[in-house]
Amino acid sequence: MSLIFDTCKSGAGTHAIIIGVGEYPHLLNGMGKLYSGHSNMSQLTSPAFSALAFADWILSDFHNPKAPLASVELLISDNASHTFSMKDGSTVSIERATMSGVKKAIREWKKRGQLCEESLMIFFFCGHGMTAGTEISLLLEDFGGDEDGPFDGAIDLRQFHLGMQGCTARQQVYFVDACRTAPSTILKSSTDNGDGIISASASSLRGKRPVQQPIFYSTLSGQAAYGRGNAPSLFTEALLKALKGAADNIEADEKWRVDTYILSACINELLIRTAEIEGLDDPQINSVDNCSRIFLHELTKDPAVPVVVGCQPRVANAKASMSCFDCLDPSNHKSRTGFSGHGWDLELNPGKYMFMAAFPDELHESCSKERHIHPPFRRVLLEVEK
Amino acid sequence: MKKLYISIDPGLEEAGKCFLANIYSIKGNPGRGEERTNYRGLIVVAGPDEGITVDVVEGKYLIEVVFPSGAVLQKDTVVSSSDNIVNVAFEVYDTWKNLHRRQSFSSEPSEWIENHGGDLVGSRGDFGLLFGSWKGLWTADDFNIEVEDVNDNLEQVINDSEDEESEIYCDEQCEEEDDEYCRCLVGAASLCQGNFREAVNRTREYYLVGIGPVARSYPRNLGFRETGRDWSTSYQPLISWSSLHGLVNMPLRQLNKKMKSRLRYIKKHNRLGFLESAPVLSRDDEWNLQKIDIAMFENSFKHENLYRWNPVNKCLFVLKDRNVGWNLSLMPLPWKGAHPDAGSVKLYVQGEASLRSNRLSNIKIVINDDVIGSMLGYFERGDMLSAALLMDKAKEALFRKMDNPIAAAAGGYILVATETDLEYKDWHEWVYNLSELFPHVADGAIIYGWSKLRHAKNEEDENIARDALLNGYWRGIPFFTTGVRLLLDGLTLLRNSAREKGFEVNRP
């Protein structure tokens, strides 16, 4: 049973399906027979953590008054993740992300979306992926199980996405946290990209308003996406941070809302920052297809805006005692603990802050700067002199 | 009323490009109930004296500039009672230099800041090299592609059975010679200027090749409505097309026989770039830095007439990635820019830094065209809202004059992507004109087909949509990969409708 949350309501609601695949029996180091076209793909530890983190966020923090959370499907293939702890303390078992399980769950998920045009559909996938041209395959646990039909265990994302055009719910958001490289496996497969699972026809679209279906990819076409061992992937980590801080309050009621447009900019900045800290040769750059504006989530408190404070010259970062305080409420202050050459990463609510850098060794002069913090993020550069 | 003057000191190679700015008015502390006025999506042109002026009231402001790559620059400013106008200048190059950022420029060659010497820490003189492994294929000078023999295209070869070239369409022969074909190296292009040949000789061999339209006239329906047969016959080439680099980068799926035949023809006739083997590109490879800089076509003909009356010699750049696969890029040529100097098209390759890699290189096509080039930058990244803002600025050029059908097609795709209701809009008629006026541009027919499909009220409307999409198919490879996806998607939806009605339709 993959359905871990269901309010059984028929009106506008948000229906989520979350899939994380880390265990691939037919890829390198797997427990099953090795698939000859494995293209050096092996087991992953990050997807289960990513899927669980996203599930946790949606069950705990997601807030959309126009489409309240109505259902969550969760499927994870991982040798450690068998149960999920709900907020009320109960535990539910997690179904494995095989093609049969995923197919059933996706079709049930779509059925719930058939109930109301104003519903919001959320799809999250983390695992191996591959791309050839417009075709994208998302690999499930049983990928490569059959040498004659390796893609029987993969979702054909284009067909699936197209099929969802027939779903009554006209707002759908897809998060695809997977590589988009083109290994020889998919290039040598003539037309097979996997199973579209859902299909739509021209006549089924008749009279329906155009569907909004942005796809948030964790990386650019042709590029790899990165995960951390036994922790959420870089993209999921950035996505969850952005969902807390990348809000706008441009509407008359001034409520902080996260929409698909502002979300993309914040994820991008956070991924670049991660690349700086981790010393990655090339930052992982997210991209979005079909990005039209969809209101996704409303914050119940002020956004936690990601802020990076750094010194110029950069070498001063490692020696600076950094701190900041809210100009309207000086008792609200923060200090950096420890010294890092990468600067100081923190989260602040919107407002006017004073940022300071002091140098105990007196090799540099102390300096301060007043800066406004506003979503989606802020970089503060303190120019210090020797 | 006070004024804010926002400018971008380009430091960018392409001054004149447009970027989007947001202004957040901050009085006291935002988010805590104070009165605020925000501006979103202001268009700022990079370059001296190109900034924009915005009326504001006294107060504090946070200003952002958003690049097509998604990179954002921010600045605080104060407009006090003594100021009439406050300048906010974004110095892009200095900002990046100070922050020492590994910026997303690495993924956006169009945003590279070139020609900045070696004063950047860690750089060897090229900003782009600091941040990524993109390499441009270049020539010392621009070269022109000759287009006089536009009728010497594939269609002619296919039709003339007496022509010795027709034998290359024999599938058996292609099959047998496949290996030889893949290894084959041919000399430099005969139809391009000599400087190109000289520039590339020290590394690899290239071609200039062209490919004609699939068919000069397009048969209608071909039994598709009844049996889906045409969908079946079109699916394989569509999958091959889906691997073509329109203005979006994509690798090539396995070559099918038809495509192999075409490439063989392309090699023989030398009309655009062909790189036999992908270079192994590493951060330290300076000698390998090259850039193909393709200038505008000669003005010996009226640009739009090429698309209107003559079959287009579509220009392909072909890259073979060792034993992994193929990259094909369809070049948006000829390109007519907004002004005489605009319109050059550049091509970059981002290779893997290892011979053992089993991944394809990336290819990026960059158009130096102020507003439309920027619009395409946002469009390519999927930021349709920003692209739509710039499209609005270019409305006159795109929709009224319509003398650059490739740019107009990009506008059409943006309109299709941002439409969220079923209300009638003026552009529905314009899309029909785009399709009819340029019968050699597949994108126009595809956009028209999709607009009809989306607004179909009955079967007759669906039939019109089907005809338009099939016309798109028969016109040949679209310029935009988005077009290939829409074509595949549209024909799939129509195929499924045929299935629902009980017709036998099988995926090949």
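Predicted model, so just to flag it, every value in this text is computed and none were measured. Here is the naming used below: chain letters follow the sequence lines, and residue numbers restart at 1 for every chain. Scope of the values below: all heavy atoms of this structure, side chains included, with no hydrogens, waters or symmetry mates.
Within the 4.5 angstrom heavy-atom criterion, only side-chain atoms of B:E64, from C-beta onward, approach chain A. Contact annotation for B:D76: both backbone and side-chain heavy atoms come within less than 4.5 Å of a heavy atom of chain A. Contact annotation for B:L385: both backbone and side-chain heavy atoms come within less than 4.5 Å of a heavy atom of chain A. Looking at B:Q74, both its backbone and its side chain come within 4.5 Å of chain A, counting heavy atoms on both sides. Using a 4.5 Å cut-off between heavy atoms, A:Q213 makes no contact with chain B at all. Looking at B:L62, the atoms closer than 4.5 Å to chain A (heavy atoms on both sides) all sit in the side chain, from C-beta outward. The parts of A:R378 that come within reach of chain B are both its backbone and its side chain, each placing non-hydrogen atoms under 4.5 angstrom from that chain. Both the backbone and the side chain of B:T420 come within less than 4.5 Å of a heavy atom of chain A.
Side-chain atoms of B:E500 and A:S203 include a donor-acceptor pair closer than 3.5 Å. Residues A:S201 and B:R495 have side chains that never bring a donor and an acceptor to within less than 3.5 angstrom of each other. Inspection of the B:E419 and B:H455 side chains reveals an N or O donor paired with an N or O acceptor under 3.5 Å. For the residue pair A:S292 and A:Y261, no side-chain donor N or O sits within less than 3.5 Å of a side-chain acceptor on the partner.
Remark: side-chain polar atoms of A:Q212 are paired, donor with acceptor, to backbone N or O of A:R293 under 3.5 angstrom. Without hydrogens or angle criteria, B:K457 side chain to A:R206 main chain gives no donor-acceptor distance under 3.5 Å.
Comparing B:V416, B:L453, B:N458, B:T418 by heavy-atom pairs within less than 4.5 Å of chain A, the highest count is held by B:N458. Taking A:V288, A:D289, A:V211 one by one and counting their heavy-atom pairs under 4.5 Å with chain B, the maximum is reached by A:V288. Chain B forms the most heavy-atom pairs under 4.5 Å with one residue out of A:M130, A:K208, A:R170, A:E370, and that residue is A:K208.
Cation-pi contact between A:R257 and A:F295: present, with separation from the ring centre below 6.0 Å and deviation from the ring axis of at most 45°.
A:H38 is linked by a ring-ring contact (aromatic ring centres under 6.0 Å, His included) to nothing, counting only residues two or more places apart in sequence or in another chain.
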